[in-house]
Undergrad: 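First the structure, then my questions, so here it is.
The model shown is predicted, which means the values in this text are computed figures rather than measured ones. Position 1 is the first residue of the sequence; numbering continues from there.
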Amino acid sequence: MRSGPDRTAEARSILRDNDRGTYTVPTAGLYPFQWNWDSLFAALGWAQFDMARAWTEIETLFKAQWPSGMVPHIVFWSEAASYFPGPDVWRAGRVSPPSSGISQPPVAATVVRRLAEIDRLPPRSLYESIERWHRWWHRARDPEGRGVIAVSHPWESGRDNLPDWDRSLYRVAPTPNGGYARRDLDHVEPAMRPHKTDYDRYLALIEHGVSTGWDDDAVARHCPFWVADPGVTAVLLRAERDLAWLGESLGADTGDVRRRIDRIETGFEQFWSEAAGTYCSLDLRTGEHAEAGTSASFLAPYAGIDRHADRLLEELNAWSEACAYLVPSFDPRHRDFEPVRYWRGPVWCMVNYMISTGLAELGQPDWAERLRADTAALITASGIPESFDPMTGGPVGGSNFTWTAALWLAWASKPHNPDNDSR
Ligand code: GLC
């Protein structure tokens with residue numbers, strides 16, 4: 001009998017091929033720069049065979065931190081014509097290196113804690129940089145102190161064209177400069193990417209940010225898209241807990257971190273929609289919840305929130321009956337579900353990793369293992385692409401993808417063994 005493909009060797013060589021020395025691109029061509037949360041997940045992969053390289057990845061990202069504390073979602077360390085919109089569109093050049101003007105889900109403290117557990121504590125300076133980034137999220141994206149974190153652009157959520165954003169996004173006037181050339185369609189089939197009508201609004205939101213000089217207060221007051229996201233909020237809440245652990249290990253005063261944890265822990269309940277029976281995003285301009293749940297709804301346990309846990313598990317069970325592989329990015333029973341269109345259906349393995357981690361901590365090892373096994377089955381059958389079709393298991397989006405490779409190495413390839421749990 002022929003043995004199956006050696007995904008571990010393949011995953012390592014994808015990380016090496018996507019390595020640009022001090023950072024790892026998500027995939028050549030489609031995403032040729034440093035992306036924020038991609039790099040942090042990449043570090044988890046590097047940590048499996050080159051710990052020094054894992055730390056470098058994170059240090060490089062934080063070299064691009066803005067004076068405000070914001071850590072941008074893209075850092076343009078080099079020039080590349082294969083991507084649009086580049087630095088000339090973002091015009092966020094008052095700091096060097098050029099970068100985008102928005103952020104991405106803050107997984108840094110959680111990844112750094114993981115590295116600390118398997119290697120060593122980070123330098124105090126890295127802890128302080130992450131602390132400043134967390135403070136930025138609260139100040140800039142929750143200026144009223146409601147305990148829910150807003151995103152000012154769908155890309156800031158890391159889940160670009162989720163159906164959740166449709167209603168809020170379609171209130172944004174499209175850019176009048178509609179003649180731009182998209183480059184993503186040079187690399188990936190149009191059926192797997194957002195529509196032009198979405199892109200016209202993504203660009204209008206960038207132009208809005210530019211018009212304010214990327215001023216946090218002006219963005220919070222006037223940005224036409226201002227939606228509280230359970231995904232970013234759950235990731236931040238988890239990260240704050242991990243930051244507290246790091247701070248205590250380093251002998252820092254974590255009083256502020258604890259106060260921030262309390263605020264979002266309480267605030268998170270605002271995402272609960274009785275109508276949808278799950279956690280949903282919340283448009284802070286209109287007060288409306290999105291209609292249906294997304295994969296981020298299942299991140300509540302990852303954030304340490306066990307309220308409504310039984311309802312969430314019932315919901316996960318219902319999703320599992322509606323698709324072949326968990327966890328699709330959007331409710332597979334909903335009319336807006338599209339199994340291969342980017343964040344409107346596909347399974348993303350780093351989201352599965354986070355959900356599975358939370359389910360294990362909730363005391364649901366069978367569900368945690370189901371998600372790991374589904375992810376392993378997808379990668380074994382379909383290779384290491386950007387994401388996967390939850391109905392057929394086929395590959396979706398870009399190929400040779402860094403975070404899929406990294407999560408294979410760090411998680412999906414390792415069947416759960418409760419004796420290996422470190423916490
Ligand atoms: C897309 C994804 C985002 C990711 C980026 C690079 O924009 O939605 O989450 O960080 O690609 O992979």
Undergrad: Do the numbers put R183 on top of the ring of F84, so that NZ or CZ is under 6.0 Å from the six-membered ring centre and no more than 45° off the axis?
TA: no
Undergrad: Less than 6.0 angstrom from the centroid, inside 45 degrees of the normal: does R132 satisfy that with respect to the ring of W66?
TA: no
Undergrad: Are E131 and R260 ion-paired here, with the side-chain N under 4.0 Å from a carboxylate O?
TA: yes
Undergrad: Measuring centre to centre across the rings, with the benzene-like ring taken for any Trp, is W46 within less than 6.0 Å of W55?
TA: no
Undergrad: Could you check whether W90 and H73 have their ring centres less than 6.0 Å apart?
TA: yes
Undergrad: Just say parallel, tilted or perpendicular for the rings of W137 and W133, cut-offs at 30° and 60°.
TA: tilted
Undergrad: Between W155 and H153, how do the two ring planes meet: parallel, tilted or perpendicular, split at 30° and 60°?
TA: tilted
Undergrad: Flag the pair W348 / Y342 as yes when their ring centroid distance falls below 6.0 Å, and as no otherwise.
TA: yes
Undergrad: Please confirm whether W343 and F330 have ring centers closer than 6.0 angstrom.
TA: no
Undergrad: Is there a side-chain contact between P72 and Q34, using heavy atoms and a 4.5 Å cut-off?
TA: no
Undergrad: Less than 6.0 angstrom separating the ring centers of Y279 and F268, yes or no?
TA: yes
Undergrad: Validate the cation-pi geometry between R113 and W245: distance from NZ or CZ to the six-membered ring centre under 6.0 Å, angle to the ring axis within 45°.
TA: yes
Undergrad: Determine, for F225 and R171, whether the Lys NZ or Arg CZ falls below 6.0 Å from the six-membered ring centre while staying within 45 degrees of the axis.
TA: no
Undergrad: Would you mind reporting whether F271 and C280 have side-chain heavy atoms less than 4.5 Å apart?
TA: no
